[in-house]
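Worksheet: the structure to be examined is printed underneath.
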There are 2 protein chains.
Amino acid sequence: MNRLCLPLSLNEAETLLLDDIVQRSTPIHRGGIVYEEGEPFTNLYALRSGALKGYRHCSNGNIQITDFVLPGEVFGLDGVSSGKHQCSVQALETASVCALPFDLLQQLGRTLPILQTHLMEAVSGCVQAKMEHLCLVTQYSAYERIKALILNLSKRYASLGQSALHFRLPMSRADIGCHLGMTIETVSRCLSRLREEQVITLDNREIRILKPEALRSTARPANKP
Amino acid sequence: MNRLCLPLSLNEAETLLLDDIVQRSTPIHRGGIVYEEGEPFTNLYALRSGALKGYRHCSNGNIQITDFVLPGEVFGLDGVSSGKHQCSVQALETASVCALPFDLLQQLGRTLPILQTHLMEAVSGCVQAKMEHLCLVTQYSAYERIKALILNLSKRYASLGQSALHFRLPMSRADIGCHLGMTIETVSRCLSRLREEQVITLDNREIRILKPEALRSTARPANKP
DNA sequence: CGGACGATTGACGATGATCAAAGTAAGTGG
DNA sequence: CCACTTACTTTGATCATCGTCAATCGTCCG
């Protein structure tokens, strides 16, 4: 199992143990589904390459994109508690995914306590991220939200060892809008504004960050402090 | 332990077991803190009377009210994963709280599997609620959000055996605004509109629902379906 | 080559934030 | 018990933001 798959600090023996339970899947093409809302929760997953979006049908039937998954990230934690997945996950572009059967992971967790810890941290980080996202969406303007998303992606690409300043947006404007709670037109306008202000250059989905510091939102949120 | 505290279907013997570990606290007055963000997670809590708000400091220092707690509800689940509370909880009015030491709960869970199950369901329900809330905030107009909140409170009061159509809002307009992502003025205006439309009557915080069916948002969300 | 999809841009209007003011409730101290 | 302060709420006027509608353009496919 590649270190890309789970960012754990394991020794070689431990890595081999973990390696045993990893199942590699055939590549999933654009639009392909990894799992769907309501399916029984059996695996955690790690994304090896490509990009995914997690989304959910709200009570009204609307779709809400809850998160984007980049290579090296673990996903599928929705459903640990209920035993059923609460979200669906779909490929934004051709993707390769590792499946980690959860019961085996838990078994392994008994001999490798660090695995348990990492798992817990992952769940907790996931919840925390959701709350930060809620805050972003309720308290910031569309422009600030876009800046935050770009910054977020930038940080995550950087932590994958890729360029923090030059990458390709794997998702459409519609996906961004659905994630941040705004229309595609507003997404497009905000991106154009960032381009005009020479904070970024943008060629379709190819983005280059010119002024990283301008993305760190020093601006106060829409609501009062 | 009162059945109000944990809505579990336990037999008498089991109830007695659980009763042993419950710690009742002295009443907490308006503005009092149950626990704060960052504190180590040691207890689950059940609210016996009064009302609470859960809130969080976002990365920008802003406050986001994540939820309101009504009597009979369990809270404190934030922090199960990380071991530290991710939210703070404060009393909106004089409140009485039961503390359930988590380690004892887990111990008890080994002999009472149903307790484990209920706990898991609680966590999962909590996550689900957060996602519904995200959906509400990103996709609905201020007016719809207010309707949803009233309906939500109504249902919860009903499930406590209180009137679903006549109750007192324990929180200020500012709290509502902070929870739903809008200003106090907009909150007030939406409430006034509901009054004009004779969906509710409202005397300060005393609310009476005249047309419950009008609260069930048949209206499509702000964004496209 | 043409059709479908995605993205951009403009014009317009509705929603909701902001600023301001006044009214109401609640708590405090005499 | 009342005067007074403070906090909370309501309402109005104005303005910015963002959604809607519409047209155009570019890109990716078959």
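By convention in this document, chain letters (A, B, ...) are assigned in the order of the sequence lines, proteins followed by strands, and residues within each chain are numbered from 1.
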Query raised in the report: B/Y35 and B/F41: aromatic ring centres closer than 6.0 Å?
Result: no
Query - Pairwise ring pair (Phe, Tyr, Trp, His ring centres under 6.0 Å) hits with a residue in residues 170-194 of chain A, at least two apart - result: A/F68-A/H179, A/H133-A/H179
Query raised in the report: Do B/R193 and B/E197 meet the salt-bridge criterion of a basic N to acidic O distance under 4.0 Å?
Result: yes
Query raised in the report: Taking CD1 from B/I146 and P from C/dT15, how many angstroms apart are they, rounded to a whole number?
Result: 16 Å
Query raised in the report: Atom CD of B/E206 to atom C1' of C/dT24: distance rounded to whole Å?
Result: 16 Å
Requested in this report: Give the rounded distance in Å between these two atoms: NE2 of B/H29 and C1' of C/dG27.
Outcome: 15 Å
Requested in this report: Return the value, rounded to whole Å, for the distance between atom CE of B/M182 and atom C1' of C/dA17.
Outcome: 11 Å
Requested in this report: Figure out the CG/C1' separation between A/L180 and D/dC18, and round it to whole Å.
Outcome: 14 Å
**Report entry** Under 3.5 Å donor-acceptor, A/T138 side chain and A/L134 backbone
**Finding:** yes
Requested in this report: Using a strict 4.0 Å threshold on nitrogen-to-oxygen distance, state whether A/E73 and A/R156 make a salt bridge.
Outcome: yes
Report summary line: Taken to the nearest whole Å, OH/B/Y140 to P/D/dG19 is 16 Å
Query raised in the report: Is B/R205 paired with B/E93 through a side-chain N to carboxylate O contact shorter than 4.0 Å?
Result: no
Can you pull every protein N or O that's under 3.5 Å from an N or O on nucleotides 8-17 of chain D?
residue: D/dT9; atom: OP1; partner: B/R205; partner atom: NE; Å: 3.2
residue: D/dT9; atom: OP1; partner: B/R205; partner atom: NH2; Å: 3.4
residue: D/dT9; atom: OP2; partner: B/R173; partner atom: N; Å: 2.8
residue: D/dT10; atom: OP1; partner: B/R173; partner atom: NH2; Å: 3.0
residue: D/dT10; atom: OP2; partner: B/R173; partner atom: NE; Å: 2.8
residue: D/dT10; atom: OP2; partner: B/S188; partner atom: OG; Å: 2.9
residue: D/dT10; atom: O5'; partner: B/S188; partner atom: OG; Å: 3.1
residue: D/dT11; atom: OP2; partner: B/S192; partner atom: OG; Å: 2.5
residue: D/dG12; atom: N7; partner: B/R189; partner atom: NH1; Å: 3.0
residue: D/dG12; atom: O6; partner: B/R189; partner atom: NH2; Å: 3.3
residue: D/dA13; atom: N6; partner: B/R189; partner atom: NH2; Å: 3.3

